[in-house]
Structure formats: structure tokens, C-alpha cells
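If you're wondering where the values come from, they're calculated on a predicted model, not measured in any experiment.
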Amino acid sequence: MRTQQGTGEGGGFSSGSSGLSPGSDSDSGPVGLVGGLGGAARGVMSHYWSLESLHSTTAVVIPDGTLDRGEDMGSEEDLYEELRGSGHRFGHPGGGGEQLAINELISDGSVCAEALWDHVTMDDQELGFKAGDVIEVVDATNKEWWWGRILDSEGWFPASFVRLRVNQDEPMEEYVAKLEGSREEESGVPHLLGPGLPCKEQMRTNVINEIMSTERDYIKHLKDICEGYIKQCRKRTDMFTEEQLRTIFGNIEDIYRFQKKFLKGLEKKYNKEQPHLSEIGSCFLENQTDFQIYSEYCNNHPNACVQLSKLIKINKYLFFFEACRLLQKMIDISLDGFLLTPVQKICKYPLQLAELLKYTNPQHRDYKDVEAALNAMKNVARLINERKRRLENIDKIAQWQSSIEDWEGEDVLTRSSDLIFSGELTKISQPQAKSQQRMFFLFDHQMVYCKKDLLRRDILYYKGRVDMDQMEVVDLEDGKDKDFNVSVRNALKLRSTVPGGEVHLLCAKKPEQKQRWLRAFADERRQVQHDRETGFAITEVQKKQAMLNAGKSHPVGKPKAVTRPYYEFLLRQKHPTLPTSLPQQQVFMLAEPKRKTSNFWQNIGRLTPFRK
């Protein structure tokens with residue numbers, strides 16, 4: 001079983017975020033739909049070609065771009081009702097069969113997940129992990145967020161960040177392959193598939209054919225978007241500006257041109273008579289740099305979704321986009337679904353190449369190229385994913401800072417753009433060796449530490465920061481520390497590289513937590529170095545916009561936290577009476593919005609600064 005990312009190609013899509021349902025091939029269902037709705041579809045497009053100027057007669061746009069005269073189309077409501085009456089679906093609810101199968105496996109206690117990417121969170125109700133960590137999946141009822149466990153930590157994590165394993169040692173694909181192998185051993189004869197081909201060669205044939213098929217389908221999707229949507233939108237200068245089109249569609253036309261060239265290269269290497277002998281690995285290696293154009297598209301995609309969601313709230317734009325789809329005879333998926341395709345595609349290449357490598361013999365002439373191509377495309381996907389994550393994280397960091405009480409000094413975004421790790425440590429201060437419990441947030445270049453409120457444990461007060469560019473990390477053995485003259489366990493020290501500079505002594509509760517912090521400090525230094533080498537930086541405009549958005553999330557007149565006088569009032573009440581139907585944490589929240597009820601939160605007594 002593959003990781004839960006939609007294919008975005010060929011027969012259908014699967015995406016929790018966009019609510020897409022499986023589609024059919026463009027040569028089947030949707031064509032019949034267009035045949036049945038041809039007059040209505042052309043009428044809708046005609047209506048918007050002449051919305052402001054014509055009332056009694058309209059010009060009908062034929063898919064080849066020519067115009068024909070039509071009959072009276074009536075009002076927008078009439079057009080909407082005609083489309084609805086013809087059986088067209090405007091909603092795309094997702095299916096649940098795969099989710100049911102996952103939960104059945106979980107109920108047997110046999111499912112773990114392997115992290116594909118890092119998940120760093122500032123929300124202590126979410127589960128943080130590193131790529132490669134093994135997570136025990138406890139509940140997968142929600143399609144997008146699963147509940148899992150690592151050692152003694154539990155929390156929510158995004159399902160798209162992991163791939164399932166049947167146990168902690170092998171992925172599901174390898175488990176199925178092992179079962180097939182055992183059957184072959186039991187029979188005593190090599191397992192054959194197809195017309196006399198050994199199993200591995202037949203599987204390689206299947207993977208090659210899948211790559212070629214999905215690539216051709218992908219080209220058709222890109223062509224449909226460029227010719228079915230962008231071309232028609234450019235004709236309507238009264239509805240769209242070039243800036244709007246650039247925001248909605250990004251550089252998808254550049255991607256279309258590149259993918260056509262890439263497909264031509266694949267076709268040349270494809271052996272039609274004996275597909276398993278095809279040598280396509282070199283095509284990926286020759287174009288690995290060109291694939292980086294996806295970075296711009298992926299970074300822009302959230303903006304495209306926002307712009308598109310605003311437009312489709314207006315009936316004129318909703319019907320216009322629907323008419324574009326019908327005229328191009330595209331499958332029954334909304335525009336936002338088609339725009340997700342390139343994001344899904346660049347993530348799918350490493351999965352396809354991994355499958356191809358699995359069924360390629362080491363003696364095959366294509367083996368080394370496929371192996372190198374897999375690593376190259378993993379690096380491309382990793383770079384794109386990392387840059388996209390970093391850009392999205394700056395809004396989260398700005399919102400986090402706005403939730404901190406008594407903030408002092410410059411904004412976090414002035415120097416940092418990513419949260420590396422966070423957690424609770426005991427800070428021992430000189431000269432009295434006073435120990436204090438603090439929440440630490442390690443960003444690139446700096447670490448911020450805060451104090452939790454006594455009653456509202458989700459409220460944090462700023463207490464200071466450490467410049468990581470001028471610090472060295474020292475791993476301490478258990479015992480007495482000479483600098484602070486105290487006995488410590490699970491301790492580490494941050495010592496300034498400047499003579500006479502500050503020294504921080506930090507202690508974790510458990511040895512494994514200390515080791516995790518040591519890895520985090522090493523990760524921070526590596527990331528800073530990597531950013532310098534790749535030239536990654538957040539622009540000043542992006543930083544200012546993030547802080548502006550964070551300010552808007554706290555409207556004037558709505559307190560971020562319960563005030564001190566109310567705390568004092570509560571403390572004077574020996575036994576404040578609480579309604580049995582209202583959890584205690586909601587009494588302290590006052591004007592805060594109600595959280596969505598969930599079985600997992602019933603026994604959790606602390607809140608967090610973030611609310612999903």
C-alpha cells in the first residue's frame with residue numbers, strides 16, 4: 001500500500017484536503033455527460049462571453065474556438081438549474097473504503113507507519129517525529145489526521161507524512177511480495193505471469209507501462225488546463241487580470257512545455273515489444289535540474305487555492321469554470337483538483353522509481369541509472385517539499401509569537417524561518433543554581449524559552465532567548481557540574497564561544513529526551529549551513545505579511561488570555577461550582593472559541609496555544 005497521496009493522474013485523484021472523489025477516464029463517463037449537456041454547456045460559456053452586453057441572443061463557443069449563434073439562455077439561476085437537472089455534480093465527497101481497511105488492520109494491532117518527512121510542531125497535542133521514525137498508529141478514523149504513539153509520546157500527526165507498515169520491519173508492499181515469494185517456494189516452480197515471463201520481469205513490465213501511461217495522462221491533464229482554462233480565461237479580460245491568472249495557474253504552462261519534452265525522451269527509450277527491457281532511468285537523470293521548476297508551482301499553490309476559493313463564491317466565475325471543463329470534455333473534477341495534479345505528480349516520481357528499482361535485476365543495463373534516478377528525484381521532491389514547508393511555516397511561527405505574553409525584542413522571523421524542535425527542560429541559572437521549568441523552542445539561529453502560566457498551562461510568557469550562532473553544545477555526564485556546583489542527570493550545556501559569555505545548563509527528564517535534544521541542536525547547525533549553501537531565504541515582504549496576518553487573527557476587544565483579576569477571583573473560591581456538562585478547561589477559556597469535540601480530548605487537562 002502506498003502513502004496516502006493522490007495519484008492525480010489517469011483514472012482518478014485522492015486527496016483529503018481537496019475532497020476529491022475518484023474520477024473516471026476522460027474517454028468514458030464525462031464524454032457521455034458532455035454529450036447529454038452539450039447545449040447547456042455551450043450555453044453557459046456563451047452566457048459569460050456576453051454576460052453584460054447581450055440579453056436575448058448569445059454567441060456559442062465551440063471547443064475549436066469558433067463562435068455560433070444560440071438561443072435565449074435565460075437567467076443565471078435557470079442555467080444553474082439546467083446543469084443540476086442534468087445530473088451534474090458540483091460536490092466531490094471522498095470515499096472511505098481504504099480508510100475502513102486501514103482501521104481493520106489497526107484493530108488487529110498490526111499496523112505501524114514509517115515517517116517519510118519530518119513533522120515538527122509547536123502544539124503539544126500533535127506528535128512530532130523525524131523522517132524514518134516508526135509510529136504506532138492507534139486511530140485512523142480521520143482521513144487527514146491520525147492518532148499515533150512513539151515511545152511514551154502520543155498525539156495527532158498528518159497521515160500524508162507517513163507510509164503504512166504491517167509491522168515495524170517491512171512496508172506493506174514488501175509484506176505482499178514476501179507472501180507471493182512463499183507461495184512460489186511452496187509450489188517448487190518459478191511463478192510466471194503473462195505469456196511465459198518470469199514474475200519479476202512481468203512486474204517490471206507492469207511498472208514501465210504504468211509510468212508511460214500515467215505520463216501520457218498527465219500531459220493530457222496539463223493540456224486541458226492550459227487550453228481548456230487558461231486560454232479561455234485570457235479571452236475574458238473583463239473577468240481576469242494577468243496577475244490573477246498568474247496566481248491561480250502559477251507556472252503550469254512552463255511545466256507543460258517541460259513535460260512534453262520529457263515524455264518525448266521517455267518514448268524514445270520505451271521498448272514497445274519488450275517493455276521490461278526499456279532503459280528509462282537516464283531520462284530522469286538528464287532532466288533532474290529541470291524538475292526544480294515544480295518548486296515555484298508548489299510554493300504558489302496555497303495562494304492559488306485562496307484566490308480560486310474567492311472567485312468560485314461568485315456564480316459568474318463558478319459557471320464559467322464549469323463551462324470550460326465541459327467544453328474541454330474533462331473528467332468530473334473541479335478546477336482546484338486539476339491544479340493539485342502537479343503537486344501530486346512530483347511526489348509520485350520517487351514512488352514509481354522505487355517500484356521500478358525493486359523489480360529491476362542488478363544485472364539489467366538500466367539498474368544503475370534507475371538507482372541514481374531514484375536518489376535524484378528523492379532529492380528534488382525533498383527540496384521542493386522543504387521549501388514549501390518553510391514558506392508555509394512562517395505564518396505558523398508568526399501566530400505562535402503573537403500568542404506569547406510579554407514578548408520582548410525583535411520578531412522571531414527577523415532571523416529564523418523554521419522550528420527545529422520544542423519541548424520542556426529544566427533550566428539551572430547562576431549564581432544560586434536555581435532550577436526553573438521552561439518551554440524551549442529551537443529555531444534556526446536562535447532558541448526562545450518561555451514560562452507556563454500556573455493555571456492556564458497553555459499560556460506562555462516570554463523569558464529570554466539564546467543566540468545559537470554563538471553557542472557550542474556540550475554533552476554532560478551524570479554527576480556534579482563544576483561550573484554550577486550542582487549534581488545533574490540527563491544534562492547538557494550551552495556555552496558561548498565568546499570569552500566570558502553566557503552559559504546555560506539544561507536538564508531533561510529522561511536520557512532519550514536528552515539525546516533527542518542533542519540531535520536537534522546538530523540538525524539546527526546543519527540546516528543553517530544548508531540554507532547558506534542553497535541561498536534559501538524568506539523575503540522581507542513575506543515576513544511582514546506573516547506578522548500582519550498574525551495580528552489579524554487576534555481582533556481588537558478579544559483577549560488572548562484570561563486576565564489576572566479573574567485568576568485572583570478563582571483562587572478566592574475554595575470550591576468553584578462547575579456545570580457538569582461543561583469541561584473545566586472551557587470555563588477558563590471564556591471568550592475563546594469552542595473546540596470541536598473528540599474522544600481523544602476527554603481526558604486531556606491541558607490546552608495549547610494553537611487550535612485546529
Q) Among W146, W147, W145, which residue meets the ring pair (Phe, Tyr, Trp, His ring centres under 6.0 Å) test with W156? A) W147
Q: Please identify each residue that fulfils ring-ring contact (aromatic ring centres under 6.0 Å, His included) with Y367, with sequence neighbours left out.
A: none
Q) N287: what forms a side chain to side chain donor-acceptor pair (under 3.5 Å) with it, not counting sequence neighbours? A) none
Q: Could you tell me whether R525 and D444 make a salt bridge, using a distance below 4.0 angstrom between a side-chain N and a carboxylate O?
A: no
Q: Would you mind reporting whether M471 and S496 have side-chain heavy atoms less than 4.5 Å apart?
A: yes
**Q.** Heavy-atom pair of closest approach, residues Q401 and M547
**A.** NE2-CE, 3.8 Å
Q. Can you tell me how far CG of N299 sits from CZ of R390, rounded to the nearest 0.5 angstrom?
A. 11.5 Å
Q) So do the side chains of V412 and F443 get within less than 4.5 Å of each other, counting heavy atoms only? A) yes
Q.
Tell me whether K396 contacts the main-chain N or O of L419 through its side chain, where contact means a donor paired with an acceptor under 3.5 Å.
A. no
Q) Is any side-chain N of the basic residue among K368 and E371 closer than 4.0 Å to the acidic one's carboxylate O? A) no
Q) Side chains of M447 and L494: closer than 4.5 Å at any heavy-atom pair? A) yes
Q. Hey, does R438 have a side-chain heavy atom less than 4.5 Å from the side chain of E424?
A. no
**Q.** Evaluation steps, side-chain hydrogen bond (donor to acceptor under 3.5 Å, both in side chains), between Q399 and D395
**A.** CA-CA 6 Å; Q399 291 168 8; D395 283 326; 5.8 Å; no
Q: Starting at CD1 of I404, measure out to CE of M439 and round the result to the nearest 0.5 Å.
A: 9.0 Å
Q: For A520 and I420, work out which heavy atoms get closest and say how close.
A: O-CG2, 3.7 Å
**Q.** Closest contact, heavy atoms only, R519 versus R526
**A.** O-NH2, 4.4 Å
Q. ring-ring contact (aromatic ring centres under 6.0 Å, His included): which pairs involve residues 494-519, sequence neighbours left out?
A. F421-W517, W517-F521
Q | Sub-4.5 Å side-chain heavy-atom contact between D531 and D418 | A | no
Q. At their closest point, which heavy atom of S153 faces which heavy atom of L127, and how far apart are they?
A. O-CD1, 3.7 Å
Q) How would you list all residue pairs meeting salt bridge (charged side-chain N to carboxylate O under 4.0 Å, His left out) that involve residues 289-303, not counting sequence neighbours? A) R246-E296, K261-D290
(Q) Using the rule ring pair (Phe, Tyr, Trp, His ring centres under 6.0 Å), only one of W400, Y462, Y449 pairs with F441; which is it? (A) W400
Q. Looking only at heavy atoms, which two atoms of Q437 and K509 are closest? And how far apart?
A. NE2-CE, 4.4 Å
Q: Look up atom OG in S416 and atom CG in N393, then write down how far apart they are to the nearest 0.5 Å.
A: 12.0 Å
Q.
Please evaluate residues K463 and D406 with respect to the criterion salt bridge (charged side-chain N to carboxylate O under 4.0 Å, His left out), reporting the C-alpha separation (whole Å), side-chain torsions for both, the decisive distance (0.1 Å), and the verdict.
A. CA-CA 8 Å; K463 288 299 177 182; D406 302 336; over 6 Å; no
Q. Does Y349 have any ring-ring contact (aromatic ring centres under 6.0 Å, His included) partners at least two apart in sequence or in another chain, and if so, which?
A. F284, F291
Q. Can D483 and R495 be counted as an ion pair, charged N to O under 4.0 angstrom?
A. yes
Q: Name all residues meeting the salt bridge (charged side-chain N to carboxylate O under 4.0 Å, His left out) criterion together with R415; count only those two or more places apart in sequence or in a different chain, and write none if there are none.
A: D467, D469
Q | side chain to side chain donor-acceptor pair (under 3.5 Å) partners of K482, counting only residues at least two apart | A | none
Q.
List the residues meeting salt bridge (charged side-chain N to carboxylate O under 4.0 Å, His left out) with D481, not counting sequence neighbours, and say none if there are none.
A. K493
**Q.** Heavy-atom side-chain proximity of L506 to T426 below 4.5 angstrom
**A.** no
Identify every side-chain donor-acceptor pair in residues 377-384 under 3.5 Å, counting partners at least two apart or on other chains, and give the distances.
| unit_1 | atom_1 | unit_2 | atom_2 | d |
| --- | --- | --- | --- | --- |
| N379 | OD1 | R382 | NH1 | 2.7 |
| N379 | ND2 | N375 | O | 3.2 |

(Q) Can you list everything that forms a salt bridge (charged side-chain N to carboxylate O under 4.0 Å, His left out) with K510? Sequence neighbours excluded, please. (A) D152
Q: Check L518 against L492 and note the closest heavy-atom contact, atom names and distance.
A: CD2-CD2, 4.0 Å
Q. Do R516 and K130 come within less than 4.5 Å of each other through their side chains, counting heavy atoms only?
A. yes
Q. Can you name the salt bridge (charged side-chain N to carboxylate O under 4.0 Å, His left out) partners of K427, sequence neighbours left out?
A. none
Q. Would you say the side chain of V162 lies within less than 4.5 Å of the side chain of I135, judging by non-hydrogen atoms?
A. yes
**Q.** ring-ring contact (aromatic ring centres under 6.0 Å, His included) partners for F157, two or more places apart
**A.** F129
**Q.** Neighbour count above 12 (heavy atom, 6.0 Å) for E410 CD
**A.** yes
Q. Would you say T414's side chain and D411's backbone share a donor-acceptor pair under 3.5 angstrom?
A. yes
